[in-house]
Amino acid sequence: MTVRTRFAPSPTGSLHIGNVRSGLFAYLYARHNHGQFIVRIDDTDRERSTKQSLDEILADLKWLGMEWNEGPPDEAYFQSNRVERHREAALKLLRERKAYPCYCSAEELDAKRKQAERERRRPVYDRKCRGLDFPSDLALPEKSAGRNYTIRFAMPLDGETLVDDLVKGRMVFQNSELDDFIIVRSDGSPIYNFASILDDVDMRITHIVRGDDHVSNTPRQMQMAYALGFTPPAFAHLPQVLGPDGSPLSKRHGATSVIAYREKGYFPEAMLNYLARLGWSHGDQEIFSRDELIGYFGFEACGKSAGVFNAEKLLWLNFHYLKERPIPRLAAEIKPFIARRGWAIPGDDAWLEKAVATLHERAKTLVELVDFASFYLKDEIEIDSKAAAKFLKPEIAEPIRALAAELESIEGEVSEASVQAVFESVLARFNLKLGQLAQPVRVALTGGAVSPGIYEVIAVLGKRRTVDRLNAAVSRIEQPA
RNA sequence: GGUCCCAUCGUCUAGUGGUUAGGACACCGGCCUCUCACGUCGGGAACGCGGGUUCGACUCCCGCUGGGAUCACCA
């Protein structure tokens, strides 16, 4: 049997780190077994579902390379288009008396629930309407037709439901603990729990991979599958992803969506690698390509306990992939990030590559790379006042002037070697150590006390811009603003 | 509260009855050095507690404690 897994996001917001990890594991499991990965859009909540978040989620999945075999834009994979099928299945259950109408009002149920809580009893439905007789041709609810009742699933009253979870192992639930939950609302719309398992069996999903916040739904869904005459799929419930404080990851923990990291200049390789290692391992290996992930993945190597999202490790991984990136590729990838700042690139591709080459072991993300490259890209550099106070002192004005003059006299464009020669000459003339001249020059050229090697910086900046900035620094020293 | 799940360094984890309990991120220190990084070398850091089982428990069993999930006409 071919493995078929699915990822079923709700388009009600950005794709979340914890969510997408479940999707990733489903994807990896399918690919590992040469099976199929299906994306289904669970958009039954019409109020909160938006086209925008749908597009964003799909873009995130594509960015991560989690390509799907079946799914959007095919309309059949939108849950909202399957309402008739859900209602048909509910009607079948009703006809077979495996489901029944419930006439209790929402207010009544609410009151009972509150009272149960007050009395510290289990807040479950008391099955008040279960014994009621109802006509064998009873129709499904429909408010406009005045059929203002809900349909409840008639859960087996005894026996137990076994869940042999691929991650958690065997879990046993007493059916008596399961309640007769609603499957069709009084407005006629199906409830998620019902629609979801129906869609899964209809789509011939073999393994449901999802977060373990769904475990308690599992025995109910299995019972529904049985009632409908299906064999339920296998289940793999992955532990939750937590924030640094140990509570479930949420917006208040800062960046928790895929798109946030995409915009911060992270690579999909890093995100994939990080997500996979959160709750799954393969010995001591830390770095995995997508193919390795697919080759090694299995639920037996998944942990059972919740994991804390560690943004620093993600950053480190991103740094790793950034260092590995070929320079031309990095240079191409950084362009949109530069454009987003509204900056022009003062040179051709070869020049950009030279600039990027000096930075690629310092920046951890593409956004950081642009930050670091700002003094290459813009001429209006801002001189850090502390750095200026420390290094741009009167006694260094003369050596800088000399350096500028010697650079100016070089025929054609400067190179790292020619710059070094000039430095050595000036150093000897003024009896200075390299650090004594390099730091002031660094401040003059970059605005700060930290940058790539000073010869590299000058070689990238070029003779004209270097000399101009050196002269500007000399003026600044001699006539402080 | 009922039900279910979980428990190795701060974090992600390896471990499957006998190990100096390993790796990675982070942290600290040395080296390299024109600054900062990179790199490199080194360091500190964990088996929640209590009972069993066993010649021997991080590993198996029980209890406790502590965390978490879930109990909607949400998904």
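These numbers were taken from a predicted model, which means no experiment stands behind them. Order of the sequence lines fixes the chain letters, A, B, ..., with proteins taken first and strands second; residue numbering starts at 1 for each chain.
Between the CG atom of A:L166 and the C1' atom of B:C5 there is a distance of 16 Å, rounded to whole Å. Whole-Å rounding puts the A:N19 CG to B:A69 C1' distance at 15 Å. Rounding to whole angstrom units, CZ of residue A:F235 and C1' of B:C4 are separated by 15 Å. Nucleotide B:C25 holds its P atom 12 Å from the CG atom of A:N273, rounded to whole Å. If you take CD1 of A:I396 and P of B:C34, they are 16 Å apart, rounded to a whole angstrom. B:A75 atom C1' lies 9 Å from atom CD of A:Q79, rounded to whole Å.
Between A:Y100 and A:F134, the ring centre distance reaches or exceeds 6.0 Å. Between A:F288 and A:W280, a ring centre-to-centre spacing shorter than 6.0 Å is recorded.
Nucleic acid contact for A:S281: sugar-phosphate only, since backbone atoms but no base atoms lie under 4.0 Å from a heavy atom of the residue. Counting any heavy atom pair closer than 4.0 Å across all strands shown, A:K323 reaches sugar-phosphate atoms only and no base atom. In this structure, A:S305 reaches the sugar-phosphate backbone alone: every heavy-atom distance under 4.0 Å involves primed, P, OP1 or OP2 atoms, never a base. Across all strands shown, A:N217 has heavy atoms under 4.0 Å from base atoms, whether or not it also approaches the sugar-phosphate. Looking at heavy-atom distances under 4.0 Å, A:E312 makes contact with sugar-phosphate atoms alone, never a base. Here A:C104 lies in heavy-atom contact (under 4.0 Å) with a base. A:Y149 comes within 4.0 angstrom of nothing in the nucleic acid, heavy atoms only. Backbone-only contact: A:S10 has heavy atoms under 4.0 Å from sugar-phosphate atoms and none from a base. Within the nucleic acid shown, A:P452 comes within 4.0 Å of at least one base atom, counting heavy atoms only. As judged by a 4.0 angstrom heavy-atom cut-off over every strand, A:I191 is placed among residues touching the sugar-phosphate backbone only. Within 4.0 Å of A:F309, counting heavy atoms only, lies no atom of the nucleic acid at all. Using a 4.0 Å heavy-atom cutoff across all strands shown, A:G303 reaches no nucleic acid atom at all. Note on A:V163: nothing from the nucleic acid sits closer than 4.0 angstrom, heavy atoms only. Contact annotation for A:L278: backbone-only contact, meaning every heavy-atom pair under 4.0 Å involves sugar-phosphate atoms and none involves a base.
Taking the ring axis of A:F78 as reference, the NZ or CZ atom of A:R40 does not stay both within 45° of it and closer than 6.0 Å to the ring centre.
A donor N or O paired with an acceptor N or O is not found under 3.5 Å between the base of B:C38 and the side-chain atoms of A:R362. Side-chain atoms of A:R113 and base atoms of B:C71 include no donor and acceptor less than 3.5 Å apart. Checked by distance alone, A:Q285 brings no side-chain donor or acceptor within 3.5 Å of a matching partner on the base of B:G23. Scanning atom types as modelled, one donor and one acceptor separated by under 3.5 angstrom connect the side chain of A:K313 and the base of B:A24.
Searching all strands for a Watson-Crick or G-U wobble partner of B:U40 with both distances below 3.5 Å returns B:G30. In this structure, B:C73 forms no base pair with any nucleotide, since neither Watson-Crick nor G-U wobble geometry is met with both distances under 3.5 Å. With a cut-off of 3.5 Å on both pairing distances, the Watson-Crick or G-U wobble partner of B:C4 is B:G68. Nucleotide B:A24 forms a pair with B:U11, judged by Watson-Crick or G-U wobble geometry with both contacts under 3.5 Å. With a cut-off of 3.5 Å on both Watson-Crick or G-U wobble distances, the partner of B:U19 is given as none.
Among the nucleotides B:C73, B:C5, B:G2, the one closest to any side-chain atom of A:T150 is B:C73. The side chain of A:S216 lies closest to B:U70 when the candidates are B:U13, B:U70, B:C34. Comparing B:C34, B:G2, B:G23 by their nearest atom to the side chain of A:E286 picks out B:G23.
Annotation: of the two residues near RNA chain B, A:L434 and A:S105, the 5′-most nearest-nucleotide partner is A:L434. Heavy-atom nearest nucleotides on RNA chain B were determined for A:K143 and for A:R277, and the one closer to the 5' end corresponds to A:R277.
Between A:R170 and A:D164 a salt bridge is recorded (basic side-chain N to carboxylate O distance below 4.0 Å). Ion pair A:D179/A:R220 flagged as a salt bridge, since at least one NZ, NE, NH1 or NH2 atom sits closer than 4.0 Å to an Asp/Glu carboxylate oxygen.
Side-chain N/O atoms of A:S451 include none lying less than 4.0 angstrom from OP1 or OP2 on B:U35.
Under the 4.5 Å side-chain criterion, counting only non-hydrogen atoms from C-beta, A:C129 is not in contact with A:Y149. Inter-residue side-chain proximity for A:L437 and A:V426 is flagged as met; some heavy-atom pair is nearer than 4.5 Å.
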